[in-house]
Amino acid sequence: MKTVDILIENVNEILTLKGKNQPRIKSEMNELGIIKKGSIAIIDDRIIDIGRNLQYKAIKKINAKGKIVMPGFVDSHTHIVFSGSREFELDMKLNGFSYMDILNRGGGIYYTVNKTRKSNIIDLIEQSKFRLNKMLEYGTTTCEGKSGYGLNLETELKILKAQKILNDSHPIDIISTFLGAHAIPNEYKIDDYVDLIINDMMPQVSKYSKFCDVFCEKGVFNVLQAKIILNAGKKLGLIPKIHADEIVDTGGAALAAELKAISADHLLRSSKDGLKLMAKKGIIGVLLPATPFSLMMKEYANARYMIDNGIPVAIATDLNPNCWTESMQFIIQLACLNMKMTPAEAITAATFNASCAIGENNKIGSIEIGKQADIIILDCPNYMFIPYHFGINLVNKVIKKGKMINF
Ligand SMILES: [Zn+2]
């Protein structure tokens, strides 16, 4: 009998997410590929077998009776590397100040930019590692991470280098995005800053980034400026992503379709025409329900319209100082309870579709033979418990690249 490194047995439900290796749309998002009373065999960092009654000897056996097993969560939109915190803004929010109000009073992003500019890289790594540890504890095994709290070459590079060091040293894999166009620094006029991004920053940051992102929003970067930046990024091999239509509809969704961006994120105010163009081009909509939640907004992105009209939807935390959560379980809860996604759709959006949104779907996002063994075991009898039993951590064990994580 063959010996494997890890054998997970007696699993109540394995959510394999097995299916076509492309972003899942419409009813495909409800198909979790469930195997009941199944087992998973792992050698090194790979899944080598899945099914019922697997016969292997194992160095480590895990009895998952009464539990579910699924791919590790993929958090496809985070701003994980930043310095300081902004808990004092909560009082302002409770007094009815909008995000733009706080921004216009010199708070918001500029507070974090100042803190991040002043931090040394060791301190930045330490602060971010705390968040990565929490993410892992809550079942996230891969995340995307954006720069954007530097807004000058030196600090943008510092953030991306910190992400590289964290990626190399922490169990979580971090896929990096350059977001120099996150806001306009006070010392620049917008056109001069766009020039600085393209001519000074991009040639230096491109080797540390897979994606280029722009905060395309009223009062920040308009569609034309976003287009110029993202096209310049494309020339350096950076795949476009867009923060689109979060506060007002500026045509960000349509721009994502035009540029064939891998994803457009937020989409709270996108027009139906813009969304239809995204569906036509297969652009992934990354929805971030914790953002309107943290801003105490009643309105959420129209996930139902997007899924019903063929946009492949992913969900993510948007972890940042203005929306601080490491928990993808909480995001699934918000997706179901506030965006009317089904539990199965939300799970697909937090795993396989999320892996597509960061271009990692050949490696992660589902439990299939040959894929990397990024697997979590949850203390619940079926998948519907994830949005149902909320506000606690259901994760019982985390396996990353075939290694059990000890907390
Ligand atoms: Zn964001």
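Atoms within each ligand, like the ligands themselves, are counted from 1 in listed order.
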If you consider just the N/O/S atoms, which atom of [X] is the closest one to the Zn ion (ligand 1)?
X: His77; value: NE2
X: His243; value: NE2
X: Asp318; value: OD1

His243 and His266 aromatic ring geometry - parallel, tilted or perpendicular at 30°/60° bounds: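 The arrangement is tilted - the two ring planes meet at 30° to 60°.
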Aromatic ring pairing Tyr188/Tyr193, orientation class (parallel under 30°, perpendicular over 60°, tilted between): tilted
Pairs satisfying side-chain hydrogen bond (donor to acceptor under 3.5 Å, both in side chains), at least one member in residues 171-181, at least two apart: Glu144-Thr177, Gln163-Ser176, Asp173-Lys400, Asp173-Lys401
Residues Asn30, Ser27; criterion side chain to side chain donor-acceptor pair (under 3.5 Å); working and verdict: CA-CA 5 Å; Asn30 270 317; Ser27 63; over 6 Å; no
